[in-house]
Asks: 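Attaching a single structure in structure tokens format; questions to follow.
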Amino acid sequence: MALSGCVTKPLLEPGTGRMQVVTTTGLLADLVRNVGGDRVDVVPIVPDGADPHTYDPTLRDARNVVYADVAFSNYALLEEHNIIKTLDANLRPDAANVSLVEESAKYSAELIPLVENVHLDTVWLGLRAEGSGDRYGATRASDVLIEATQATGPGNVYAYLTGTFGDTDVYFDSSDGFNSSDGYRDDTATLPADAHTHLSWAFTRPGIYRVALRARLRVSATARPVDLGEAVYTFAVGVNPDEAGIPDPVVLDQGHADLTADLDGGGMDVLYDPTGGGEYTQRHYPSDRVVIDVPNKALEEIPGDRQFRFLGHPGDQVYQLAQAVLGKHVHGEIDPHLWQNVRNVQAYVKLIRDTLIARDPAGAAAYRANATAYLAQLDQLDRHVRATIAKIPKANRYLVTTHDAFAYLAQAYGISVAGFVTPNPATEPSLADRRRLTDTIHNLHVKAVFLEPNLRARSSELTQVADEQHIQVCPIYGDTLDSGAPSYLDMMRFNADTLLRCLGP
């Protein structure tokens with residue numbers, strides 16, 4: 001930390017002919033450099049080696065924000081609040097200000113609720129394209145089109161995504177009907193193969209609704225879409241689910257559910273886990289057995305912001321299942337450490353690419369080419385991390401770390417987060433935290449604990465417990481880069497290799 005503070009940060013300068021970009025962290029700056037190439041100058045606010053949870057911005061940081069054309073933050077409460085305040089207070093009104101976690105949902109990033117009890121107030125309902133589609137020649141560039149073709153019920157039904165600062169993308173809107181002549185263009189959600197996204201669902205009146213969805217696979221931009229199947233989904237809005245008339249229904253009233261298109265077997269159904277555990281714990285259910293519960297506690301007033309006028313007049317009430325991302329309607333905070341899953345960084349890269357193109361259309365070809373090349377490197381990285389961790393015996397795949405920053409790594413690559421010193425590195429561990437950590441290491445026969453280099457000065461509890469249990473302390477990177485891992489690619493390779501070295505046979 002002290003060494004990083006001694007390094008003079010570069011300055012953003014107008015009039016260079018290059019786009020000026022500021023990011024909150026060095027990790028995000030690395031992603032921008034890979035996409036922007038020599039058309040951008042990029043400077044992070046938090047220097048490498050420093051902790052974004054606690055860093056205090058300087059006047060030099062504020063000055064860089066003033067000259068930025070584009071600002072990228074991670075947010076979801078990752079960065080210290082003064083960092084966000086410095087960004088928002090000093091950025092020019094015409095500059096783009098993008099919070100990657102919030103916007104990445106539109107690019108099919110996998111979000112994990114950061115809550116001790118993952119039971120949500122209402123069901124967390126999304127769309128999923130399950131499977132690779134290899135039988136049709138699908139690739140990561142292929143699109144799965146999920147189209148709303150009909151909706152019945154006492155009122156209107158909407159499905160939309162909320163991004164940074166409340167901007168909305170409406171995917172389904174029954175108020176103006178469904179037009180088959182244009183392929184339901186205005187009522188279509190687009191996902192990559194083997195991906196999913198989460199939506200907010202809104203209903204204007206109580207009663208039973210039935211929404212028909214059809215899935216098609218578009219292998220390439222010029223290929224004729226392949227029909228995958230269709231299904232009708234039933235919603236009980238503000239009424240007893242038994243009124244839907246489905247015998248012995250599976251009622252979706254909590255946890256995580258996805259209306260799912262099957263790219264391999266064909267058809268559409270529902271993936272559901274009432275505990276909210278995500279795709280790895282969801283089970284398949286036929287759509288005709290399911291009732292999606294939208295209870296009276298989901299009744300909310302329409303905000304005054306113009307972005308929500310499509311729902312009706314401000315102050316009117318609608319029943320809403322809110323998407324689980326930060327914003328006005330929140331079902332728990334989101335774990336902000338998305339980059340520990342390489343596929344989430346691919347969503348970040350696509351969002352960075354599209355943002356730079358919007359600000360600098362003349363550089364569109366360069367940004368697309370750079371992003372395509374970098375996405376290919378990320379594909380290789382994802383395979384490396386997956387293959388490396390797979391070499392660790394399953395009985396040894398327990399991760400004990402400084403703070404709770406590795407849920408995405410664990411979920412994506414088959415590791416169990418067994419424990420950490422504190423949920424947040426800015427908080428001091430209690431005696432109960434220490435006792436719980438000791439018991440976890442002893443009972444699970446944990447081979448090693450992992451310490452983030454930038455938190456070494458505040459990790460005496462972890463090293464003491466490791467010493468008492470006679471196990472080794474190994475390095476792992478969480479929030480920041482440094483000379484040992486100067487790029488995102490280096491960081492993730494390092495983490496995979498250190499896990500194998502310290503937990504392997």
Asks: To the nearest 0.5 angstrom, please state how far the CD1 atom of Ile352 sits from the CG atom of Leu28.
Replies: 6.5 Å

Asks: Do Val98 and Leu351 come close enough that some side-chain heavy atom pair is under 4.5 Å?
Replies: yes

Asks: Decide whether Tyr55 and Asn82 meet the rule of one side-chain donor and one side-chain acceptor closer than 3.5 Å.
Replies: no

Asks: Quick one: CH2 on Trp124 to CG on Leu199, what's the gap to the nearest 0.5 Å?
Replies: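 Those atoms lie 12.0 Å apart.
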
Asks: Tell me, do Trp339 and Met491 make a side-chain contact under 4.5 Å, heavy atoms counted?
Replies: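 Yes - at least one pair of side-chain heavy atoms lies under 4.5 Å apart.
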
Asks: As a quick check of understanding, evaluate side chain to side chain contact (heavy atoms under 4.5 Å, CB included) for Tyr488 and Val342, giving each step before the final call.
Replies: CA-CA 10 Å; Tyr488 174 73; Val342 177; 3.6 Å; yes

Asks: Check Ala68 against Ala95 and note the closest heavy-atom contact, atom names and distance.
Replies: O-CB, 3.6 Å

Asks: Work out which heavy atom in Ala129 is nearest to a heavy atom in Leu191; give both atom names and the distance.
Replies: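 For Ala129 versus Leu191, the nearest heavy atoms are N-CD2, 4.0 Å.
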
Asks: Quick one: pull up CZ in Arg309 and OG1 in Thr168 and give me the separation to the nearest 0.5 Å.
Replies: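 That separation rounds to 11.5 Å.
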
Asks: Keeping the roles fixed (side chain from Asp227, backbone from Gly229), state whether a donor-acceptor pair exists under 3.5 Å.
Replies: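 Flag not set: sc Asp227 to bb Gly229 has no pair under 3.5 Å.
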
Asks: For residues Tyr107 and Asp354, is any side-chain donor paired with an opposing acceptor at under 3.5 Å?
Replies: yes

Asks: With Pro241, which of Ile208, Thr234, Val291 fulfils side-chain contact (heavy atoms from CB on, under 4.5 Å)?
Replies: Val291

Asks: Can you name the closest pair of heavy atoms from Val349 and Ala371 and give their distance?
Replies: CG1-CB, 4.2 Å

Asks: Output yes when a side-chain donor or acceptor of Thr24 lies under 3.5 Å from a complementary backbone atom of Ser73, and no otherwise.
Replies: no

Asks: Can you confirm whether Thr480 sits close enough to Leu27 that some side-chain heavy atom of one is under 4.5 Å from a side-chain heavy atom of the other?
Replies: no

Asks: Start with the C-alpha distance between Leu161 and Tyr171, add both sets of side-chain angles, then the distance that settles side chain to side chain contact (heavy atoms under 4.5 Å, CB included), and finish with yes or no.
Replies: CA-CA 8 Å; Leu161 269 170; Tyr171 285 174; 3.4 Å; yes

Asks: Any non-hydrogen side-chain atom of Pro274 less than 4.5 Å from a side-chain atom of Gln254?
Replies: yes

Asks: Strictly distance-based, threshold 3.5 Å: is any side-chain N or O of Tyr367 a donor or acceptor partner for the main-chain N or O of Pro361?
Replies: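 Flag not set: sc Tyr367 to bb Pro361 has no pair under 3.5 Å.
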
Asks: Go through Thr260 and Asp258 one step at a time and tell me if the side-chain hydrogen bond (donor to acceptor under 3.5 Å, both in side chains) criterion holds.
Replies: CA-CA 6 Å; Thr260 300; Asp258 291 314; 5.3 Å; no

Asks: Determine the minimum heavy-atom distance between His256 and Arg128, stating which atoms define it.
Replies: CE1-NH2, 4.3 Å

Asks: Measure from the side-chain N and O atoms of Asp30 to the backbone N and O of Gly26, and report whether any donor-acceptor pair falls under 3.5 Å.
Replies: no

Asks: Looking at Arg205, I'd like to know if its CZ atom is crowded, meaning that more than 12 non-hydrogen atoms belonging to other residues, nucleotides or ligands lie closer than 6.0 Å.
Replies: no

Asks: Working to the nearest 0.5 Å, report the span between OG1 of Thr25 and CG of Leu481.
Replies: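 One finds 7.5 Å between OG1 of Thr25 and CG of Leu481.
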
Asks: Between Arg283 and Asp273, is a salt bridge (Lys or Arg N to Asp or Glu O under 4.0 Å) present by the stated rule, with each step listed?
Replies: CA-CA 6 Å; Arg283 291 178 55 192; Asp273 173 21; over 6 Å; no

Asks: I'd like to know if the side chain of Asp187 reaches the main chain of Phe172, judged simply by a donor and an acceptor atom lying under 3.5 Å from each other, with no hydrogens or angles considered.
Replies: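 Not confirmed, Asp187 side chain does not pair with Phe172 backbone.
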
Asks: Can you confirm whether Tyr348 sits close enough to Leu338 that some side-chain heavy atom of one is under 4.5 Å from a side-chain heavy atom of the other?
Replies: yes

Asks: Go through the structure and list residues passing ring pair (Phe, Tyr, Trp, His ring centres under 6.0 Å) with Tyr158, not counting sequence neighbours.
Replies: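 Partners of Tyr158 by the ring pair (Phe, Tyr, Trp, His ring centres under 6.0 Å) criterion, ordered by chain and then number, come out as Phe310.
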
Asks: About how many Å separate CG of Asp293 and CG of Leu321, when rounded to the nearest 0.5 Å?
Replies: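 Output value for this atom pair is 8.5 Å.
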
Asks: Please determine whether side chain to side chain contact (heavy atoms under 4.5 Å, CB included) holds for the pair Ile292 and Val123, giving the CA-CA distance in whole Å, both sets of side-chain angles, and the decisive distance to 0.1 Å.
Replies: CA-CA 8 Å; Ile292 302 159; Val123 66; 4.1 Å; yes

Asks: To the nearest 0.5 angstrom, please state how far the CG atom of Leu311 sits from the CD1 atom of Ile302.
Replies: 5.0 Å

Asks: Please answer whether the main-chain N or O of Gln20 pairs with a side-chain N or O of Asp69 as donor and acceptor at a distance below 3.5 Å.
Replies: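 It does hold such a pair.
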
Asks: For a quick test of your reading: what N or O donor-acceptor pairs under 3.5 Å do the side chains of residues 145-157 make, sequence neighbours left out?
Replies:
{"residue": "Glu147", "atom": "OE1", "partner": "Arg214", "partner atom": "NE", "Å": "2.8"}
{"residue": "Glu147", "atom": "OE1", "partner": "Arg214", "partner atom": "NH2", "Å": "2.8"}
{"residue": "Glu147", "atom": "OE2", "partner": "Arg216", "partner atom": "NE", "Å": "2.9"}
{"residue": "Glu147", "atom": "OE2", "partner": "Arg216", "partner atom": "NH2", "Å": "2.6"}

Asks: Is there a side-chain hydrogen bond (donor to acceptor under 3.5 Å, both in side chains) between Glu110 and Asn344 once you walk through the steps?
Replies: CA-CA 6 Å; Glu110 181 84 28; Asn344 282 343; over 6 Å; no

Asks: Would Tyr319 and Trp201 count as a ring-ring contact (aromatic ring centres under 6.0 Å, His included) here? Give the steps.
Replies: CA-CA 8 Å; Tyr319 295 81; Trp201 300 78; over 10 Å; no

Asks: Could you walk me through whether Asp382 and Tyr413 pass the side-chain hydrogen bond (donor to acceptor under 3.5 Å, both in side chains) test, one step at a time?
Replies: CA-CA 9 Å; Asp382 183 63; Tyr413 303 109; 2.8 Å; yes

Asks: Can you check whether Asp379's main-chain N or O pairs, donor with acceptor, with Arg343's side chain at less than 3.5 Å?
Replies: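 Side chain of Arg343 to backbone of Asp379, a donor-acceptor pair under 3.5 Å: no, none is there.
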
Asks: Determine whether a donor-acceptor pair (N or O, by modelled atom type, separation under 3.5 Å) exists between the side chain of Glu230 and the backbone of Ala212.
Replies: no

Asks: I'd like to know if the side chain of Asp360 and the backbone of Leu356 have a donor-acceptor N/O pair within less than 3.5 Å.
Replies: no

Asks: Would you indicate whether the side-chain heavy atoms of Asp41 and Val21 approach each other to under 4.5 Å?
Replies: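 No - every pair of side-chain heavy atoms lies 4.5 Å or more apart.
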
Asks: Indicate whether any N or O donor in one side chain lies under 3.5 Å from an N or O acceptor in the other, for Asp186 and Asn179.
Replies: no

Asks: I need the minimum non-hydrogen distance between Tyr136 and Leu263, along with the two atoms involved.
Replies: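 The answer is CE1-O, 3.4 Å.
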
Asks: Do Asn74 and Ser99 touch side chain to side chain, with heavy atoms closer than 4.5 Å?
Replies: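 The answer is no, as the side chains (C-beta and beyond) never meet within the 4.5 Å cut-off.
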
Asks: Parallel, tilted or perpendicular: which describes the rings of Phe308 and Tyr160, with under 30° parallel and over 60° perpendicular?
Replies: perpendicular

Asks: On a heavy-atom basis, which atom in His284 and which in Glu130 lie closest, and how many Å separate them?
Replies: CE1-OE1, 3.0 Å

Asks: Run through Leu100, Val345, Thr23 and flag the one making a side-chain contact (heavy atoms from CB on, under 4.5 Å) with Leu31.
Replies: Val345

Asks: Evaluate side chain to side chain contact (heavy atoms under 4.5 Å, CB included) for Phe72 paired with Val42, printing each intermediate quantity in order.
Replies: CA-CA 10 Å; Phe72 291 105; Val42 57; over 6 Å; no

Asks: Does Thr372 reach the side chain of Leu375, with side-chain heavy atoms less than 4.5 Å apart?
Replies: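 No, every pair of side-chain atoms sits at 4.5 Å or beyond.
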
Asks: If we ignore hydrogens and angles and just use 3.5 Å, is the side chain of Thr388 paired with the main-chain N or O of Val385 as donor and acceptor?
Replies: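 Answer holds: no.
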
